[in-house]
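Contents: one structure, followed by commentary.
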Amino acid sequence: MDSVSTAILLLLLALVCLFLTLSSRVKGQLPPGPRPLPLLGNLLQLHSQDMLTSLTKLSKEYGPVYTVHLGPRRVVVLSGYQAVKEALVDQGEEFSGRGDYPVFFNFTKGNGIAFSNGDRWKVLRRFSVQILRNFGMGKRSIEERILEEGNFLLAELRKTEGEPFDPTFVLSRSVSNIICSVLFGSRFDYNDERLLTIIRLINDNFQIMSSPWGEMYNLFPSLLGWIPGPHRRLFQNFGCMKDLIALIVRDHQASLDPTSPRDFIDCFLTKMAQEKQDPLSHFHMDTLLMTTHNLLFGGTETVGTTLRHAFLALMKYPKVQARVQDEIDHVVGRARLPALEDRAAMPYTDAVIHEVQRFADVIPMNLPHRVIRDTAFRGFLLPKGTDVITLLNTVHYDPSQFRKPQEFNPEHFLDASQSFKKSPAFMPFSAGRRLCLGESLARMELFLYLTAVLQSFSLQPLGAPEDIDLSPLSSGLGNLPRPFQLCLRAR
Ligand code: HEM
């Protein structure tokens with residue numbers, strides 16, 4: 001070996017040593033976890049068909065704060081109420097970044113609210129909250145829209161005439177129409193091709209993201225990009241959705257009157273025009289399309305899925321269903337639809353809805369977070385940019401917070417005098433700076449829809465109630481209920 005080759009070899013050796021020293025120093029400040037393999041990470045300890053169980057199992061071994069390698073990505077996992085609350089609530093600012101989530105990120109490219117970071121996220125979130133509020137979110141005017149839509153839903157349900165049916169589609173159409181009316185200015189007719197397409201695309205993507213394919217894509221996005229499978233449909237569906245929203249935006253542009261905005265899109269277009277000269281503005285076509293997509297996606301599938309879980313639980317526990325109906329009859333009667341102001345007088349119904357959300361645990365692993373600066377946490381130092389998974393499932397099933405977490409039991413949200421009792425570990429909408437932006441709308445929809453349905457109908461399973469399986473069909477982004485049919489008996 002000549003002297004030049006020796007020098008290169010020595011230099012390479014020195015660089016490798018330096019890299020190992022630096023990386024072990026960084027690792028030394030991170031929580032412990034299973035030893036990763038190069039490139040594969042902790043693939044051997046993780047099962048993409050049940051990532052939640054794998055991560056929960058590791059927390060039993062390594063504690064409530066540990067490090068895991070999802071493929072080549074290093075992530076810190078938090079489990080149990082205490083650790084998740086300390087991060088999202090007590091150190092909310094530090095943990096407010098959005099972590100990598102390839103199934104979404106490869107479509108949104110960091111535009112929109114849900115998958116952006118830094119100034120862009122702050123500006124778009126503040127703007128969207130303000131506009132949604134102006135259009136009535138959390139106020140009486142949105143209640144009126146929900147009640148109107150509830151009436152359309154009841155009319156559809158009456159058409160089933162006691163025959164068995166799958167409620168997925170009819171619920172999604174109705175729920176989606178509420179957010180559509182805020183975004184696009186008016187509700188769609190239930191047979192409108194655009195509404196049917198929106199629901200089909202969102203439903204399909206939520207299913208793929210909640211399947212092993214979705215989880216696998218999140219682990220190895222570049223590799224999976226080359227492999228055929230249903231995950232490829234994700235991006236076709238996203239593309240179709242984007243085209244559909246772009247078409248609606250174009251219609252709005254043609255008839256825009258900035259002095260009298262009709263909906264969210266008009267407000268966004270007006271803001272775009274105001275900031276046209278600002279090269280740093282966050283208001284442009286891509287952020288408009290992605291923000292609208294985030295609201296549509298967030299506002300459709302989560303509420304529809306929760307309602308399906310609720311139907312299943314109410315059929316499995318007919319006594320719970322009957323007690324909710326008694327409360328409705330007692331507080332509201334049959335002459336008018338239930339309204340939000342009835343909720344305070346309906347502690348049992350409120351407790352049942354909370355218990356459905358806790359037990360169903362619709363987004364079990366939350367969306368990934370990221371620390372926005374070097375962050376001291378429980379004796380460790382998480383370097384800026386570290387992705388963090390907060391297992392909401394382990395909060396909702398934390399035995400230190402709920403007496404019998406594995407049981408569906410509305411008593412979890414009732415005190416000794418049967419008044420409604422809040423729980424700090426109720427986090428289906430997450431907590432802290434990234435708290436779900438649609439929480440107040442979703443809570444209104446769940447209460448008004450469920451009480452309207454139970455006021456008019458009893459839900460009846462096709463088989464024996466005790467045979468109903470409440471465990472999710474698959475779990476990934478979402479906990480999907482098993483498919484089912486039911487019959488409605490008019491009361
Ligand atoms: C039962 C219904 C719902 C559930 C369980 C739910 C759950 C969640 C969760 C767990 C997150 C992630 C929070 C985090 O990163 O810490 C989230 C974020 C979000 N949700 Fe919801 N959601 C629901 C309904 C809605 C509705 C109706 C809308 C639309 C109006 C919506 C829009 C959003 C948006 C835009 C974000 C991103 C917030 C951000 O990154 O700043 N969600 N939701």
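Order of listing sets the numbers, starting from 1, for every ligand and every atom in it.
- Looking at T390 against ligand 1, nothing comes within 4.0 Å, counting heavy atoms.
- Of all the atoms in ligand 1, the ones that sit under 4.0 Å from a non-hydrogen atom of F429 are 1 (C), 2 (C), 3 (C), 4 (C), 6 (C), 23 (C).
- Applying the 4.0 Å criterion to heavy atoms of P428 picks out, from ligand 1, the atoms 5 (C), 7 (C), 10 (C).
- Residue contacts with ligand 1, taken as heavy atom pairs separated by less than 4.0 Å, do not involve E439 at all.
- Counting the atoms of ligand 1 from 1 in the order shown, those under 4.0 Å from a heavy atom of T306 are 1 (C).
- Within the 4.0 Å heavy-atom criterion, the part of I179 lying near ligand 1 is the side chain and not the backbone.
- Ring geometry for F115 versus F104: interplanar angle under 30°, hence parallel rather than tilted (30 to 60°).
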Tell me, with the steps shown, if E411 and K404 meet salt bridge (Lys or Arg N to Asp or Glu O under 4.0 Å). CA-CA 10 Å; E411 298 287 329; K404 291 187 180 160; over 6 Å; no
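- By the 30° and 60° cut-offs, the orientation of the rings of Y217 relative to H231 is tilted.
- The ring-ring contact (aromatic ring centres under 6.0 Å, His included) test with H354 is passed by exactly one of F429, F413, F447, Y348: F413.
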Go through the steps to decide whether H252 and D263 satisfy the test side-chain hydrogen bond (donor to acceptor under 3.5 Å, both in side chains), and finish with yes or no. CA-CA 10 Å; H252 276 64; D263 50 35; 2.6 Å; yes
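- Geometrically, R358 engages Y397 in a cation-pi contact defined by less than 6.0 Å to the ring centre and at most 45° from the axis.
- Taking distance alone, with nitrogen or oxygen atoms compared against 3.5 Å, N366 approaches ligand 1 more closely than that limit.
- Residues F283 and F268 place their aromatic rings such that the two centres sit under 6.0 Å apart.
- With distances taken over non-hydrogen atoms, the option nearest atom 21 (Fe) of ligand 1 out of C436, A442, P364 is C436.
- In this structure, F359 has its ring center at least 6.0 angstrom away from the ring center of H412.
- The residue V362 has no part lying near ligand 1, judged by heavy-atom distances below 4.0 Å.
- If you look at F115 next to ligand 1, there are no close heavy atoms at all, none under 4.0 Å.
- Closest heavy-atom approach to atom 14 (C) of ligand 1 within the set K122, R125, H369: this belongs to H369.
- The distance from ligand 1 to the heavy atoms of G299 drops below 4.0 Å at these ligand atoms: 26 (C), 27 (C), 28 (C), 29 (C).
- Proximity of Q357 to ligand 1, defined as any heavy-atom pair under 4.0 Å, is confined to the side chain (atoms from C-beta onward).
- Heavy-atom proximity to atom 16 (O) of ligand 1, evaluated over S430, G304, S116, is greatest for S430.
- Side-chain contact, T375 with E94: no donor N or O sits under 3.5 Å from an acceptor N or O.
- A cation-pi arrangement, defined by a distance under 6.0 Å to the six-membered ring centre and an angle within 45 degrees of its axis, is present between R187 and F152.
- Note on ligand 1: W121 sits in its first shell, one or more heavy atoms being nearer than 4.0 Å.
- Neither the backbone nor the side chain of R433 comes within 4.0 Å of ligand 1, counting heavy atoms alone.
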